[in-house]
Amino acid sequence: MLRQSLNRSRKEYFDLITHIAICDDNRTTAEIVSGSVEKIFAQHGEQVKISVYHSAKDFIRDMTGHVFDLVLLDIEMPGSDGVEIARMLRRNDNPADIVFVSAREDRVFETFEVHPFGFVRKSTFVKDISLVIDAFISMRNNNLASSENRTLVVSTRDGTSSIPINKIIYIEGCRKEQLAYMTNLDKPVVFCSSMEKLEQKLCDSGFIRVHKGYIVNYSYIGVIGQTDITLTTGDVLPLSRRKKQEVKEQYMTCVRESGMAIV
């Protein structure tokens, strides 16, 4: 998944109206969610425009003419499934952050496939919605404050090159040479290094060594399986059995530190 870019000046950010969609077939629940979200944003001094949908059909129809920053989805709705709606958004490269608001706490791990920003349990709604929305606003502030131009300096066949870290999907080790697969290039960048050195350089930037031959940007991890990892790009990479638990723990650490809230 390609998360939404916030390439705006600080002044533009604070003047920004956040566009939010809420989809829940229960009208009472939708009103509660809408009111709570609007109140939390107001407490942070921010404006929102909220569109409420009571059917997946209406929401999907409107997606063609609207751009939302944040989408809050119920999971179980008549004739539709919130997770499937989220899959559709991701297949269409929709950049909106997704939050599930559901009583189906047993499906939280299933939602990881679409890389949601958060999961709000209806059983503890007041607590969870505050945590998730606060984290969303905090994440945007942190993104503005941090540098988005960090690079990795590497030695290629043509000399020394700098590649933007946030555009690296994963790195594949091929003996003495490594291949960096990028979001902005059709072919990987080939350079000389060692996986050990790269792991040390990139571990603080959200990269996880999932196998002796692969280092992955956690932002593109869709599903952590038993023996492999499916990326949001569709690529499937091997997962070391002995590192599986460590990979899951590192992934959850990255999730928490990035401000994505799974509660």
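Positions are given from 1, in the same order as the sequence printed here.
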Notebook entry, point to check: Which residue pairs satisfy the salt bridge (Lys or Arg N to Asp or Glu O under 4.0 Å) criterion with at least one member in residues 212-236, sequence neighbours excluded?
Noted result: none
For [X] and [Y], work out which heavy atoms get closest and say how close.
| X | Y | value |
| --- | --- | --- |
| Thr160 | Val153 | CG2-CG1, 3.4 Å |
| Thr18 | Phe136 | CG2-CE2, 4.3 Å |
| Tyr220 | Asn166 | OH-O, 3.9 Å |
| Leu73 | Gly82 | CD1-O, 3.6 Å |
| His211 | Leu239 | CD2-C, 4.4 Å |
| Tyr53 | Ala21 | CE1-CB, 4.1 Å |

Does [X] reach the side chain of [Y], with side-chain heavy atoms less than 4.5 Å apart?
| X | Y | answer |
| --- | --- | --- |
| Arg121 | Ser102 | no |
| Ile224 | Tyr251 | yes |
| Ile85 | Asp81 | no |
| Leu72 | Ile129 | yes |
| Val101 | Lys122 | yes |
| Ile229 | Val223 | no |
| Phe100 | Val120 | no |
| Leu179 | Cys174 | yes |

Checklist line | Working for side chain to side chain contact (heavy atoms under 4.5 Å, CB included), residues Leu89 and Ile98 | finding: CA-CA 9 Å; Leu89 295 179; Ile98 296 171; 4.0 Å; yes
From [X] [atom1] over to [Y] [atom2], what is the distance, rounded to the nearest 0.5 angstrom?
| X | Y | atom1 | atom2 | result |
| --- | --- | --- | --- | --- |
| His19 | Asp69 | NE2 | CG | 6.5 Å |
| Ile60 | Cys23 | CD1 | SG | 8.0 Å |
| Glu84 | Met77 | CD | CE | 11.0 Å |
| Arg209 | Lys243 | CZ | NZ | 6.5 Å |
| Lys57 | Ser80 | NZ | OG | 12.0 Å |
| Ile208 | Cys254 | CD1 | SG | 4.5 Å |

For [X], salt bridge (charged side-chain N to carboxylate O under 4.0 Å, His left out) partners two or more places apart:
| X | answer |
| --- | --- |
| Arg157 | Glu177 |
| Lys127 | none |
| Asp204 | none |
| Glu110 | Arg87, Arg107 |

Could you work out, with side-chain hydrogen bond (donor to acceptor under 3.5 Å, both in side chains) as the rule, every residue matching [X], not counting sequence neighbours?
| X | value |
| --- | --- |
| Lys201 | none |
| His54 | Arg27 |
| Asp74 | none |
| Ser130 | none |

Next item on the list: Please test Val236 against Leu231 for side chain to side chain contact (heavy atoms under 4.5 Å, CB included), starting from the C-alpha separation and ending with a verdict.
Entry: CA-CA 6 Å; Val236 179; Leu231 305 187; over 6 Å; no
Check: Going through the checks in order, is the side chain to side chain contact (heavy atoms under 4.5 Å, CB included) test met by Phe68 and Ser51?
Finding: CA-CA 9 Å; Phe68 294 107; Ser51 301; 3.8 Å; yes
Check: Does any pair with a residue in residues 152-187 pass ring pair (Phe, Tyr, Trp, His ring centres under 6.0 Å), and if so which ones, sequence neighbours excluded?
Finding: Tyr170-Tyr181
Margin query: Can a side-chain donor-acceptor contact be found between Glu105 and Ser123 if the only test is distance below 3.5 angstrom?
Written below: yes
Please table the atom pairs, donor to acceptor, closer than 3.5 Å between any side-chain atom in residues 31-43 and protein atoms at least two apart or in another chain.
| residue | atom | partner | partner atom | Å |
| --- | --- | --- | --- | --- |
| Ser36 | OG | Ile32 | O | 2.9 |

Next item on the list: Tell me who clusters with Ile171, hydrophobic residues only, linked when side chains sit under 4.5 Å apart either directly or through other members.
Entry: Leu152, Val154, Ile163, Ile165, Ile168, Met182, Leu185, Val189, Phe191, Met195, Leu198, Leu202, Phe207, Ile215
Next item on the list: Please test Val71 against Ile22 for side chain to side chain contact (heavy atoms under 4.5 Å, CB included), starting from the C-alpha separation and ending with a verdict.
Entry: CA-CA 6 Å; Val71 175; Ile22 296 171; over 6 Å; no
